[in-house]
Enquirer: 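Sharing a structure here in structure tokens format.
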Amino acid sequence: TNRYVQAGDRVRAGQPLFRVDSRDAMDQVDAARSSVISAQASYKLASSTLSRYKALHRENAISDLAMDQTQSQYDVAAAQLQQAKATLSRSQNNLGYTTLRADRNGVIGSTMYEVGQVVSAGTPVVLVVDDRQKEVHISLTEKQAIHIQKETGGWAAVVSLYLQNG
């Protein structure tokens with residue numbers, strides 16, 4: 001597991017922020033690749049067997065039952081190959097999620113977790129702030145809010161922000 005950014009770092013969309021342990025995801029990809037290779041071999045055998053049986057069936061050398069069974073074996077092999085390819089695609093996609101990337105340009109506002117901590121899938125681990133638009137959040141006590149409401153006749157208030165560098 002690696003952390004590539006700290007709070008305050010400027011980031012670009014797509015930039016890697018964290019990399020989580022990818023060993024399990026890599027093992028799943030390897031297993032899925034093996035399943036595809038196995039399914040391809042089964043499909044190749046079923047395809048060649050079907051071709052031979054079709055020729056024999058045209059010559060009435062085999063029964064309809066034998067032909068139906070061979071066609072069924074071919075259909076199963078084709079479906080298993082498609083399933084293995086889909087599993088490989090899904091596992092490769094999951095492997096891509098082991099590198100967490102910035103979803104937009106901005107500044108790292110905060111990191112919620114440290115390297116080595118366990119987090120669930122979908123849990124935010126970093127806050128990327130879009131700094132193109134400035135936003136200020138002001139917290140008021142109930143007493144302060146009532147005072148502003150009385151002074152302004154509603155909730156409208158003018159706020160001035162003074163920064164050290166002008």
Enquirer: Cut-off 3.5 Å, side chains only: do Gln28 and Asp24 have a donor facing an acceptor?
Expert: no

Enquirer: Nearest 0.5 Å, please: how far is NZ in Lys44 from OG in Ser48?
Expert: 8.0 Å

Enquirer: Counting only N and O atoms by type, is there a donor-acceptor contact under 3.5 Å from the side chain of Thr152 to the main-chain atoms of Ile148?
Expert: yes

Enquirer: Quick check: are there more than 12 heavy atoms from other residues, nucleotides or ligands sitting under 6.0 Å from OH of Tyr53?
Expert: no

Enquirer: Treating Ile, Leu, Val, Met, Phe, Trp and Tyr as nodes and any side-chain heavy-atom pair under 4.5 angstrom as an edge, say whether Val20 and Leu95 lie in one connected cluster.
Expert: no

Enquirer: Please answer whether the main-chain N or O of Thr141 pairs with a side-chain N or O of Gln144 as donor and acceptor at a distance below 3.5 Å.
Expert: yes

Enquirer: Tell me whether the count of non-hydrogen atoms from other residues, nucleotides or ligands lying under 6.0 Å of CD in Gln92 goes above 12.
Expert: yes

Enquirer: Looking only at atom types and distance, does a side-chain atom of Thr70 sit under 3.5 Å from a main-chain N or O of Ala66, one as donor and one as acceptor?
Expert: yes

Enquirer: So do Val125 and Gln117 actually touch side chain to side chain, heavy atoms under 4.5 Å?
Expert: no

Enquirer: Looking at Ser47 and Tyr43, would you say the former's side chain and the latter's main chain have a donor-acceptor pair under 3.5 Å?
Expert: no

Enquirer: Once you round to the nearest 0.5 Å, how far does CG of Asp75 lie from CG of Asp68?
Expert: 10.5 Å

Enquirer: Restricting to salt bridge (charged side-chain N to carboxylate O under 4.0 Å, His left out), what partner residues turn up for Arg10, sequence neighbours left out?
Expert: Asp131

Enquirer: Quick one: closest heavy-atom pair of Val11 and Ala102, and the distance?
Expert: CG2-CB, 4.0 Å

Enquirer: Any side-chain to backbone donor/acceptor pair from Arg33 onto Leu88? Under 3.5 Å, distance only.
Expert: no

Enquirer: Count I, L, V, M, F, W, Y as connected when their side-chain heavy atoms are under 4.5 Å apart, and connections chain through other members. Are Leu45 and Ile62 then in the same cluster?
Expert: no

Enquirer: Please list, chain by chain and in numerical order, all residues satisfying side-chain contact (heavy atoms from CB on, under 4.5 Å) with Ser110, sequence neighbours excluded.
Expert: Met112, Leu127

Enquirer: Can you find a heavy atom in the side chain of Arg3 that is under 4.5 Å from one in the side chain of Thr111?
Expert: yes

Enquirer: So how far is it from Thr49 OG1 to Tyr74 OH, rounded to the nearest 0.5 Å?
Expert: 11.5 Å

Enquirer: Consider only side-chain heavy atoms of I, L, V, M, F, W and Y, link residues closer than 4.5 Å, and tell whether Val107 and Leu17 are in one cluster.
Expert: no

Enquirer: Please identify each residue that fulfils salt bridge (charged side-chain N to carboxylate O under 4.0 Å, His left out) with Asp27, with sequence neighbours left out.
Expert: none

Enquirer: Do any N or O atoms from the side chain of Thr98 and from the backbone of Asn94 form a donor-acceptor pair under 3.5 angstrom?
Expert: no

Enquirer: Which heavy atom in Thr99 sits nearest to a heavy atom in Pro16, and how many Å separate them?
Expert: CG2-CB, 3.9 Å

Enquirer: Looking only at atom types and distance, does a side-chain atom of Gln15 sit under 3.5 Å from a main-chain N or O of Arg12, one as donor and one as acceptor?
Expert: yes

Enquirer: Minimum heavy-atom separation for Tyr4 to Asp9, with atom names?
Expert: O-OD2, 4.4 Å

